[in-house]
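Structure first, then comments.
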Amino acid sequence: MNQKLTLQSADGKLQGQIENVNFSRGIFSSDVRYDVVMTHAPDNVRYTVSFVGKLYHGPLTVNNFSFALFSAEMSVEKKRTNAKLV
């Protein structure tokens with residue numbers, strides 16, 4: 001996944017990584033949290049976008065009562081640095 005994030009860069013100078021992955025499994029759902037970190041190579045500036053969400057386990061998901069392996073609800077985590085954007 002990290003290699004694919006780097007390949008998505010238009011000029012090849014942006015490196016992407018997924019960091020701080022946290023997965024807490026529950027009975028019917030699991031809490032998920034991770035950061036997508038993009039580093040601009042020439043000036044070493046890091047941009048971090050944090051995501052939080054919930055994965056609902058199948059075969060019958062509790063959030064919308066559909067038949068699926070899982071159903072996901074993800075969003076950008078609101079922080080002080082991105083409060084105006086989220």
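Because the structure is predicted, anything quoted here is derived from the model rather than measured. Note that these values count all heavy atoms, side chains included, but never hydrogens, waters or copies made by symmetry.
Rounding to the nearest 0.5 angstrom, the gap separating the CZ atom in F23 from the CG atom in D31 is 9.0 Å.
M74 is not listed as a side-chain neighbour of V52, based on a closest heavy-atom distance of 4.5 Å or more. Side-chain contact between T39 and N44 is present, with at least one heavy-atom pair separated by less than 4.5 Å. Between N22 and Y34, the closest side-chain pair of non-hydrogen atoms is not below 4.5 Å.
Residues meeting the side-chain contact (heavy atoms from CB on, under 4.5 Å) test with D35, sequence neighbours left out: N20, V37, T48, S50. Residues forming a side-chain hydrogen bond (donor to acceptor under 3.5 Å, both in side chains) with S75 (at least two apart in sequence, or on another chain): none. Legend: residues meeting ring-ring contact (aromatic ring centres under 6.0 Å, His included) with Y47, ordered by chain and number and at least two apart, are absent.
Applying the salt bridge (Lys or Arg N to Asp or Glu O under 4.0 Å) definition to pairs two or more places apart or across chains, those involving residues 37-48 are E19-R46.
For the 3.5 Å distance criterion, the side chains of S30 and H57 qualify, holding a donor opposite an acceptor.
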Would you sort out whether R33 and E77 count as a side-chain contact (heavy atoms from CB on, under 4.5 Å), showing the intermediate values? CA-CA 9 Å; R33 175 177 300 227; E77 183 177 24; 3.0 Å; yes

